[in-house]
Trainee: 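Below is a structure I'd like to ask you about.
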Amino acid sequence: MNVTLAHPLDVTTAEARAIQTELADRVSLEDDPRLRDIHLVAGIDNAYARTAARTTAFSAVVVMSWPELKVVEVGQAQREITFPYVPGLLSFRELPVIIEALSGVESTPDLLICDGHGLAHPRRFGLACHVGVVTGIPTIGSAKKPFVASYDPPDMTPGARSVLHIGPEPVGIALRTYSRRRLPLFVSPGDRISIDTAADLAFAMTPKGLLPAPQQAAHNTVTSIRRNYIEHAAENENL
DNA sequence: GCGACAG
DNA sequence: ATCTTGTCGC
(Lines give C-alpha, C1' and ligand atoms only; values in the text may rest on other atoms or scores of the structure.)
Protein backbone atom coordinates (compact mmCIF):
# COMPACT_ATOMS: atom_id res chain seq x y z
CA MET A 1 0.00 0.00 0.00
CA ASN A 2 1.35 3.41 -1.01
CA VAL A 3 1.48 6.26 1.50
CA THR A 4 2.27 9.88 0.67
CA LEU A 5 3.53 12.18 3.40
CA ALA A 6 3.17 15.90 2.66
CA HIS A 7 4.50 16.95 6.05
CA PRO A 8 7.32 15.79 8.33
CA LEU A 9 6.51 13.95 11.54
CA ASP A 10 9.72 14.63 13.47
CA VAL A 11 8.67 18.11 14.53
CA THR A 12 8.19 20.10 17.72
CA THR A 13 4.86 19.97 19.51
CA ALA A 14 4.10 23.53 18.36
CA GLU A 15 4.82 22.60 14.75
CA ALA A 16 2.74 19.45 15.09
CA ARG A 17 -0.29 21.45 16.21
CA ALA A 18 0.15 23.85 13.30
CA ILE A 19 0.33 20.93 10.86
CA GLN A 20 -2.87 19.49 12.32
CA THR A 21 -4.72 22.75 11.93
CA GLU A 22 -3.60 22.96 8.31
CA LEU A 23 -4.40 19.35 7.41
CA ALA A 24 -7.78 19.48 9.15
CA ASP A 25 -9.06 21.46 6.17
CA ARG A 26 -8.38 18.49 3.90
CA VAL A 27 -10.65 16.16 5.85
CA SER A 28 -13.87 15.21 4.09
CA LEU A 29 -17.03 14.19 5.94
CA GLU A 30 -18.66 13.05 2.69
CA ASP A 31 -19.15 9.32 2.24
CA ASP A 32 -16.63 8.04 -0.29
CA PRO A 33 -18.15 6.07 -3.22
CA ARG A 34 -16.15 2.98 -2.34
CA LEU A 35 -18.06 2.71 0.95
CA ARG A 36 -21.09 1.57 -1.05
CA ASP A 37 -19.38 -1.67 -1.95
CA ILE A 38 -16.87 -2.65 0.71
CA HIS A 39 -14.78 -5.77 0.03
CA LEU A 40 -11.82 -5.25 2.37
CA VAL A 41 -11.57 -3.54 5.76
CA ALA A 42 -8.41 -3.15 7.85
CA GLY A 43 -7.93 -2.58 11.56
CA ILE A 44 -4.79 -0.85 12.88
CA ASP A 45 -3.35 -0.88 16.40
CA ASN A 46 -0.05 -0.15 18.11
CA ALA A 47 1.78 -1.32 21.24
CA TYR A 48 4.95 -0.24 23.02
CA ALA A 49 7.91 -1.74 24.82
CA ARG A 50 9.92 0.69 26.88
CA THR A 51 13.36 0.21 28.42
CA ALA A 52 15.69 2.68 30.06
CA ALA A 53 17.46 3.16 26.74
CA ARG A 54 14.65 3.30 24.18
CA THR A 55 10.97 2.97 23.35
CA THR A 56 10.07 0.51 20.61
CA ALA A 57 6.73 0.92 18.86
CA PHE A 58 4.91 -1.99 17.21
CA SER A 59 2.08 -1.76 14.69
CA ALA A 60 -0.25 -4.35 13.21
CA VAL A 61 -2.60 -3.96 10.24
CA VAL A 62 -5.13 -6.77 9.86
CA VAL A 63 -7.04 -6.82 6.58
CA MET A 64 -10.35 -8.69 6.60
CA SER A 65 -12.93 -9.58 3.97
CA TRP A 66 -16.37 -8.02 4.27
CA PRO A 67 -18.91 -9.13 5.28
CA GLU A 68 -17.23 -12.44 6.13
CA LEU A 69 -14.70 -10.81 8.47
CA LYS A 70 -12.07 -13.40 7.67
CA VAL A 71 -8.39 -12.43 7.81
CA VAL A 72 -6.99 -11.79 4.34
CA GLU A 73 -3.62 -10.25 5.10
CA VAL A 74 -1.54 -9.00 8.03
CA GLY A 75 1.06 -6.23 7.93
CA GLN A 76 3.36 -5.42 10.82
CA ALA A 77 6.33 -3.27 11.74
CA GLN A 78 8.43 -2.28 14.72
CA ARG A 79 10.48 0.84 15.12
CA GLU A 80 12.30 2.80 17.77
CA ILE A 81 10.53 6.07 18.47
CA THR A 82 11.27 9.29 20.31
CA PHE A 83 8.09 11.36 20.04
CA PRO A 84 6.41 11.20 23.46
CA TYR A 85 2.75 10.69 24.17
CA VAL A 86 1.20 14.14 24.20
CA PRO A 87 -2.60 14.33 24.43
CA GLY A 88 -3.78 15.64 21.07
CA LEU A 89 -0.60 14.70 19.19
CA LEU A 90 -0.96 10.93 19.14
CA SER A 91 -0.54 10.62 15.38
CA PHE A 92 2.96 12.11 15.47
CA ARG A 93 3.93 9.29 17.83
CA GLU A 94 2.12 6.47 16.05
CA LEU A 95 2.13 7.35 12.36
CA PRO A 96 5.76 6.46 11.51
CA VAL A 97 5.40 2.82 12.53
CA ILE A 98 1.85 2.63 11.16
CA ILE A 99 3.07 3.79 7.74
CA GLU A 100 5.78 1.15 7.85
CA ALA A 101 3.22 -1.54 8.61
CA LEU A 102 0.88 -0.28 5.88
CA SER A 103 3.67 -0.28 3.30
CA GLY A 104 4.00 -4.01 3.81
CA VAL A 105 0.35 -4.63 2.90
CA GLU A 106 -0.27 -5.61 -0.71
CA SER A 107 -4.05 -5.28 -0.86
CA THR A 108 -5.88 -1.96 -0.83
CA PRO A 109 -8.64 -1.88 1.80
CA ASP A 110 -11.84 0.07 1.14
CA LEU A 111 -11.94 1.16 4.78
CA LEU A 112 -9.49 1.60 7.65
CA ILE A 113 -10.37 1.48 11.36
CA CYS A 114 -7.89 3.14 13.72
CA ASP A 115 -7.57 2.76 17.49
CA GLY A 116 -8.06 6.38 18.54
CA HIS A 117 -10.19 9.38 17.63
CA GLY A 118 -10.71 11.09 14.32
CA LEU A 119 -12.84 14.23 14.25
CA ALA A 120 -13.41 14.06 18.02
CA HIS A 121 -10.17 15.94 18.61
CA PRO A 122 -9.19 19.42 19.90
CA ARG A 123 -8.30 20.55 16.36
CA ARG A 124 -10.61 18.08 14.63
CA PHE A 125 -7.61 16.11 13.42
CA GLY A 126 -7.07 12.98 15.47
CA LEU A 127 -5.00 9.94 14.49
CA ALA A 128 -7.72 8.53 12.23
CA CYS A 129 -7.90 11.78 10.23
CA HIS A 130 -4.14 11.79 9.78
CA VAL A 131 -4.11 8.15 8.64
CA GLY A 132 -6.98 8.85 6.26
CA VAL A 133 -5.34 11.92 4.72
CA VAL A 134 -1.98 10.21 4.12
CA THR A 135 -3.51 7.02 2.68
CA GLY A 136 -6.44 8.48 0.77
CA ILE A 137 -8.60 5.65 2.13
CA PRO A 138 -11.90 6.17 4.02
CA THR A 139 -11.02 5.93 7.72
CA ILE A 140 -12.90 5.58 11.01
CA GLY A 141 -11.60 6.50 14.46
CA SER A 142 -12.62 4.06 17.20
CA ALA A 143 -11.63 4.94 20.78
CA LYS A 144 -12.29 3.42 24.18
CA LYS A 145 -12.32 6.74 26.04
CA PRO A 146 -14.00 10.06 25.13
CA PHE A 147 -10.92 12.33 25.34
CA VAL A 148 -12.22 15.88 24.85
CA ALA A 149 -15.77 15.10 23.72
CA SER A 150 -18.90 15.09 25.88
CA TYR A 151 -21.94 12.86 25.53
CA ASP A 152 -25.02 11.49 27.19
CA PRO A 153 -24.58 7.80 28.00
CA PRO A 154 -26.44 5.78 25.36
CA ASP A 155 -28.96 3.14 26.38
CA MET A 156 -27.36 -0.18 27.42
CA THR A 157 -28.87 -1.99 24.42
CA PRO A 158 -26.29 -2.89 21.74
CA GLY A 159 -26.70 -0.53 18.82
CA ALA A 160 -27.83 2.35 21.02
CA ARG A 161 -26.09 5.62 20.31
CA SER A 162 -25.85 9.26 21.31
CA VAL A 163 -24.08 12.20 19.72
CA LEU A 164 -20.52 13.06 20.73
CA HIS A 165 -20.07 16.81 21.11
CA ILE A 166 -17.26 19.28 21.52
CA GLY A 167 -19.15 22.33 22.66
CA PRO A 168 -22.14 22.61 20.33
CA GLU A 169 -20.37 20.80 17.50
CA PRO A 170 -21.25 17.15 16.74
CA VAL A 171 -18.00 15.24 16.20
CA GLY A 172 -18.94 11.58 16.46
CA ILE A 173 -21.12 8.93 18.09
CA ALA A 174 -21.02 7.24 21.49
CA LEU A 175 -21.90 3.74 20.35
CA ARG A 176 -23.04 0.89 22.59
CA THR A 177 -21.35 -2.14 21.07
CA TYR A 178 -21.01 -4.09 24.31
CA SER A 179 -23.68 -4.19 27.01
CA ARG A 180 -21.36 -5.27 29.82
CA ARG A 181 -19.08 -2.27 29.80
CA ARG A 182 -19.86 1.07 31.40
CA LEU A 183 -18.28 3.15 28.66
CA PRO A 184 -19.55 2.93 25.08
CA LEU A 185 -17.27 2.94 22.03
CA PHE A 186 -16.39 6.41 20.75
CA VAL A 187 -16.63 6.50 16.98
CA SER A 188 -15.72 9.48 14.83
CA PRO A 189 -14.89 10.08 11.15
CA GLY A 190 -11.26 9.91 10.11
CA ASP A 191 -11.60 11.00 6.48
CA ARG A 192 -13.95 10.48 3.51
CA ILE A 193 -16.82 9.33 5.72
CA SER A 194 -19.75 10.90 7.56
CA ILE A 195 -20.46 10.67 11.28
CA ASP A 196 -23.52 8.45 10.78
CA THR A 197 -21.87 6.11 8.29
CA ALA A 198 -18.86 5.72 10.57
CA ALA A 199 -21.16 4.64 13.40
CA ASP A 200 -23.23 2.36 11.16
CA LEU A 201 -20.17 0.56 9.81
CA ALA A 202 -18.44 0.33 13.19
CA PHE A 203 -21.52 -1.33 14.65
CA ALA A 204 -22.00 -3.64 11.68
CA MET A 205 -18.40 -4.80 12.02
CA THR A 206 -18.72 -5.56 15.73
CA PRO A 207 -20.55 -8.91 15.86
CA LYS A 208 -19.19 -9.56 19.35
CA GLY A 209 -17.24 -7.70 22.00
CA LEU A 210 -16.46 -4.02 22.37
CA LEU A 211 -14.37 -3.37 19.27
CA PRO A 212 -14.94 -3.80 15.53
CA ALA A 213 -13.50 -7.19 14.50
CA PRO A 214 -10.58 -5.79 12.43
CA GLN A 215 -9.54 -3.47 15.25
CA GLN A 216 -9.77 -6.27 17.81
CA ALA A 217 -7.73 -8.54 15.53
CA ALA A 218 -5.07 -5.84 15.11
CA HIS A 219 -4.97 -5.39 18.88
CA ASN A 220 -4.57 -9.12 19.47
CA THR A 221 -1.87 -9.33 16.82
CA VAL A 222 0.21 -6.39 18.00
CA THR A 223 -0.08 -7.51 21.62
CA SER A 224 1.24 -10.93 20.59
CA ILE A 225 4.11 -9.37 18.66
CA ARG A 226 5.03 -7.24 21.63
CA ARG A 227 4.91 -10.18 24.02
CA ASN A 228 7.14 -12.23 21.73
CA TYR A 229 9.59 -9.32 21.49
CA ILE A 230 9.85 -9.04 25.25
CA GLU A 231 10.29 -12.78 25.65
CA HIS A 232 13.34 -12.56 23.40
CA ALA A 233 14.70 -9.36 24.92
CA ALA A 234 17.91 -11.09 25.99
CA GLU A 235 18.81 -12.20 22.46
CA ASN A 236 17.85 -8.84 20.97
CA GLU A 237 20.17 -7.02 23.34
CA ASN A 238 23.11 -8.95 21.89
CA LEU A 239 22.50 -7.76 18.33
C1' DG B 1 -3.77 28.24 39.17
C1' DC B 2 -5.88 23.34 39.03
C1' DG B 3 -7.41 19.22 36.98
C1' DA B 4 -8.04 16.46 32.94
C1' DC B 5 -5.90 14.26 29.23
C1' DA B 6 -7.04 9.16 22.61
C1' DG B 7 -2.80 5.70 23.11
C1' DA C 1 -0.30 2.67 26.38
C1' DT C 2 2.31 -0.15 30.37
C1' DC C 3 2.74 -2.06 35.15
C1' DT C 4 0.70 -5.24 38.22
C1' DT C 5 -2.10 -8.15 42.90
C1' DG C 6 -6.03 -9.68 43.87
C1' DT C 7 -10.77 -10.81 42.79
C1' DC C 8 -15.21 -12.05 40.46
C1' DG C 9 -17.64 -14.85 37.24
C1' DC C 10 -18.51 -18.28 33.42
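Note: hydrogens, waters and symmetry copies are ignored here, and every other heavy atom, side chains too, is used. Chain A is the first sequence line, chain B the second, and so forth, proteins listed ahead of strands; every chain is numbered from 1.
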Trainee: Atom CG of L90(A) to atom P of dA6(B): distance rounded to whole Å?
Mentor: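 Answer to the nearest Å: 9 Å.
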Trainee: Are side-chain heavy atoms of P214(A) and V62(A) found at a separation under 4.5 Å?
Mentor: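 P214(A) does not reach V62(A) side chain to side chain.
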Trainee: Indicate the atoms forming the closest heavy-atom contact of P170(A) with V163(A), along with that distance.
Mentor: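 In this case the closest contact between P170(A) and V163(A) is CB-CG1, 3.7 Å.
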Trainee: Just checking, is any N or O donor in the side chain of D31(A) or S194(A) under 3.5 Å from an acceptor N or O on the other one?
Mentor: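 Side chains of D31(A) and S194(A): pair found under 3.5 Å.
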Trainee: Give every pair of a protein N or O atom and an N or O atom of nucleotides 2-7 of chain C that lie under 3.5 Å apart, one pair per line with the distance.
Mentor:
| residue | atom | partner | partner atom | Å |
| --- | --- | --- | --- | --- |
| dT2(C) | OP1 | Y48(A) | N | 3.0 |
| dT2(C) | OP1 | Y48(A) | O | 3.3 |
| dT2(C) | OP1 | R226(A) | NE | 3.2 |
| dT2(C) | O3' | R226(A) | NH2 | 3.0 |
| dC3(C) | OP1 | R226(A) | NH2 | 3.0 |
| dC3(C) | OP2 | R226(A) | NH2 | 2.7 |

Trainee: According to the Watson-Crick and G-U wobble definition with distances under 3.5 Å, which dot-bracket string, read 5' to 3', encodes DNA chain C, using [ ] for crossing pairs and | for pairs with another strand?
Mentor: ..........
Trainee: Of the non-hydrogen atoms in T56(A) and Q78(A), which two are nearest, and what is the gap between them?
Mentor: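 Taking T56(A) first and Q78(A) second, the nearest heavy atoms are CG2-CB, 4.4 Å.
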Trainee: May I ask you to decide if the ring planes of F125(A) and H130(A) are parallel, tilted or perpendicular, using 30° and 60° as cut-offs?
Mentor: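 Ring orientation, 0 to 90° scale: tilted.
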Trainee: Touch check for I44(A), heavy atoms < 4.0 angstrom, all strands: base, sugar-phosphate only, or nothing?
Mentor: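 If one applies the 4.0 Å heavy-atom cut-off, I44(A) turns out to touch nothing in the nucleic acid.
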Trainee: For the pair made of NZ in K145(A) and C1' in dG7(B), what is the distance, rounded to whole Å?
Mentor: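 Rounded to the whole Å, the gap is 8 Å.
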Trainee: Just how far, in rounded Å, is C1' of dG7(B) from CD of Q215(A)?
Mentor: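 Q215(A) atom CD is separated from dG7(B) atom C1' by 11 Å.
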Trainee: Expected output is a numbered-order residue list: members of residues 181-198 of chain A with a heavy atom under 4.0 Å from any atom of DNA chain B. What is it?
Mentor: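 Heavy-atom cutoff 4.0 Å gives no residues at all.
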